[in-house]
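Single-structure report; data block below.
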Number of protein chains: 2
Amino acid sequence: MRDVAALAGVGLKTVSRVINEEPNVRPETMRKVLDAAERLDYRPDINAGNLKRSARRVHTLGLVVGNVANPFSGAMSRAVEDVAGRRGTAVFTSSLDDDPQRETQIVGEMLRRRVDALILTTVRRDQSYLVREQERGTVLAFVDRLPSGILADTVVSENASGAALATRHLATGGHRRIAYLGDMHTLWTAQERLRGYREAMSTAGIAADARVLEDLSDEAAAYQAVQRMMTDDDAPTALFTSQNLVTIGALKALRDLGLQRAVALVGFDDIPLADIIEPGITVVAQDPYAMGRIAAERVFARLDGEAGDARTEIVPVTLVTRGSGEIPPRAS
Amino acid sequence: MRDVAALAGVGLKTVSRVINEEPNVRPETMRKVLDAAERLDYRPDINAGNLKRSARRVHTLGLVVGNVANPFSGAMSRAVEDVAGRRGTAVFTSSLDDDPQRETQIVGEMLRRRVDALILTTVRRDQSYLVREQERGTVLAFVDRLPSGILADTVVSENASGAALATRHLATGGHRRIAYLGDMHTLWTAQERLRGYREAMSTAGIAADARVLEDLSDEAAAYQAVQRMMTDDDAPTALFTSQNLVTIGALKALRDLGLQRAVALVGFDDIPLADIIEPGITVVAQDPYAMGRIAAERVFARLDGEAGDARTEIVPVTLVTRGSGEIPPRAS
DNA sequence: CTGAAAGCGCTTACAG
DNA sequence: CTGAAAGCGCTTACAG
């Protein structure tokens, strides 16, 4: 910048004004500065500016998702990127892999680089380690999972009622032997979905506990669980799979057993091409794009000065019937 | 930092030494500093440090992909994130949407925030606008598509030979009426895949041009194109779809026409659940994770001082036969 | 092993 | 409409 000022024959402050498009610069002066900047291939260093800038906004935001390679996280990232982009804000993205150690490590890295806000999918038991950072002015929002030990805007799916909806759909279709296949029990979403399943089972007057299988964290685990489960005399006639990878694992197991048209299946969270498979996969679809969008909008509202208590937004889910959930129970 | 120094009763430089884990600090002094930092909840500002730091490495990298919500880009992002994470480097990610204006805008935003390197999927005709930035020391790498007007490490798929492989597979299966359905012709990858198709057709002694349909940029366009195409007397008996969204659109059209078991289909780039659909979808699978990984490794090699000419790495593709590509031509 | 001085590239708060 | 001085939070290059 010093070189530009020298070449243009003006003061530093004038160059600064031109770069930041501040008013009160004569067109003629402006042109001189722009020419000099062009000739020297000048690039302003935004970090240097932020050092002294009063508001200390860096127009940068950190996003922690489960795994960008998973379509759920992909859609969420895209939404955050879109909202942030419209506000001239760049996004640091990082994947959590449901590893508690990574959570604090990633957050630390982002904080060290300065961000105006953090949008977080969490996995640790407790997020109180962020309270001091919040007090210092960093805006926080949580997405997909509720935080603990801290209050901040949060966006989640209708987990429990969505799971109840799925379970009720199967019960209404005549099923009594409905199994629950879920992700790690330590995850809040898994607990909520299990709760919804239990409530619906109870309402339908069916004992639930014998058919609950948890801690299936990937496709392979779900595949094996279903393979084993279906050999029982008392095998379920319907499955409720509470996460997209579990749904895919179960689907593959049913197909390999030749049971994809015999055993009903409803999944929580939509899966790609669910409508092309035969039978089509009935799901309770989440709206990850909306979740990301709302979280980003909350963050910008807070950065714009919105006061008031932390809000929790619940994003509706939708039952999409495509065939697999409407298979009737076998007479047995 | 000043406050920490005051509270600990030491000089600024000593605090700096402790924070940066430099040697030559007495354990006792170190403890005092650490205590003070803890009590004041001190967070070093890495950007302030970088201002004066000689190497001027900011341990931050920019990544521009097609669209993080697309599984291809998702896998690539994840790979870059993994390599960067191991090097203590954070990643700015942004989606291009094949919009030439966004390309320069995103790149500009990232450069203004300072990055050590940029990994880019491009869409503009020409990337010579980056030459001066490269001369200034920013490391550049291109992924998925070749740059023009600039030399830098580049990672691409075996586009032409992969497309030829797919086409040859169909021709070997007895097909003569093989249609090519491709993305925007302005994209380098689309041109390469078309070239591969043409070469394989020519080798098989089949005239190709009548069955080339380009500029299908999304699922809906591909769907309509296939719907229209299949009503011809002279309709193709096999389709080669040169991109994942085109494959999905074509798939849906064939299914809605009841032709999914009658018309052969080979796609370029794998699609999720391709093995569960019936028939399974035969594809020439790319390896987006490897592409992202190699691009990131190239970048770090250059940052570590590797000299030498720009390298172009070609990542192999694999023909995965699952059924749809092995459907024989109908007698007609 | 420790610290005071100068400066990174910019902005703020002024004065003119 | 324009610019000189002071300072943001750190590091470098010294000196001790």
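Lettering of chains follows the sequences in order, A, B, ..., and the numbering in each one begins at 1.
Note: A/Met291 CE to A/Ile119 CD1 = 12.0 Å, rounded to the nearest 0.5 Å.
Sequence neighbours left out, the pairs with a member in residues 64-83 of chain A that pass side chain to side chain donor-acceptor pair (under 3.5 Å) are A/Asn67-B/Arg78, A/Asn70-A/Asn244, A/Arg78-A/Asp82, A/Arg78-B/Asn67, A/Arg78-B/Asp97, A/Glu81-B/Ser95, A/Asp82-A/Tyr289. Screening residues 129-157 of chain A for salt bridge (Lys or Arg N to Asp or Glu O under 4.0 Å), with sequence neighbours left out, gives A/Asp98-A/Arg145, A/Arg132-B/Glu38, A/Arg132-B/Asp41, A/Glu133-B/Arg43, A/Arg136-B/Asp41, A/Asp153-A/Arg298, A/Asp153-A/Arg302.
Look at NZ on A/Lys32: it is 14 Å from P on D/dC1, rounded to the nearest Å. Distance A/Met30 CE to D/dT2 P: 11 Å, rounded to the nearest Å. Distance A/Leu51 CG to D/dC8 C1': 4 Å, rounded to the nearest Å. Atoms CG (B/Asn50) and C1' (C/dG9) sit 13 Å apart, rounded to a whole Å. Across the protein-nucleic acid pair, A/Lys52 atom NZ and D/dA5 atom P stand 16 Å apart, rounded to whole Å. Note: CG (A/Asn47) to C1' (C/dT11) measures 14 Å, nearest angstrom. Here C/dT12 presents its P atom at 14 Å from CZ of A/Arg57, a figure rounded to the nearest Å.
The heavy-atom pair separating B/Tyr129 from B/Glu103 by the smallest distance is OH-OE2, 2.6 Å. Heavy atoms only, all atoms of each residue included: B/Gly149 and B/Val131 are closest at O-CG2, 3.7 Å.
Nucleic acid contact class of A/Arg43 (heavy atoms, under 4.0 Å, all strands): sugar-phosphate only.
Not counting sequence neighbours, B/Ala6 has no partner by the side chain to side chain contact (heavy atoms under 4.5 Å, CB included) test.
With respect to the salt-bridge test (charged N to carboxylate O, under 4.0 angstrom), the residues A/Asp304 and A/Arg87 qualify.
Of all the residues in residues 1-20 of chain B, B/Met1, B/Lys13, B/Ser16, B/Asn20 reach under 4.0 Å from DNA chain D with at least one non-hydrogen atom. Across residues 22-29 of chain B, B/Asn24, B/Val25, B/Arg26, B/Thr29 each have a non-hydrogen atom less than 4.0 Å from an atom of DNA chain C (numbered order).
For the residue pair A/Thr60 and B/Arg113, a side-chain donor N or O sits within less than 3.5 Å of a side-chain acceptor on the partner.
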Dot-bracket for DNA chain C, 5' to 3', Watson-Crick and G-U pairs with both distances under 3.5 Å, [ ] for crossing pairs, | for partner on another strand, reads |||.||||||||.|||
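With a 4.5 Å cut-off on side-chain heavy atoms, B/Met76 and B/Thr121 count as touching. In this structure, B/Asp116 and B/Val139 have side chains that are not in contact, with every pair of non-hydrogen atoms separated by 4.5 Å or more.
Atom CG of B/Asp309 has 12 or fewer neighbouring heavy atoms from other residues, nucleotides or ligands inside a 6.0 Å radius.
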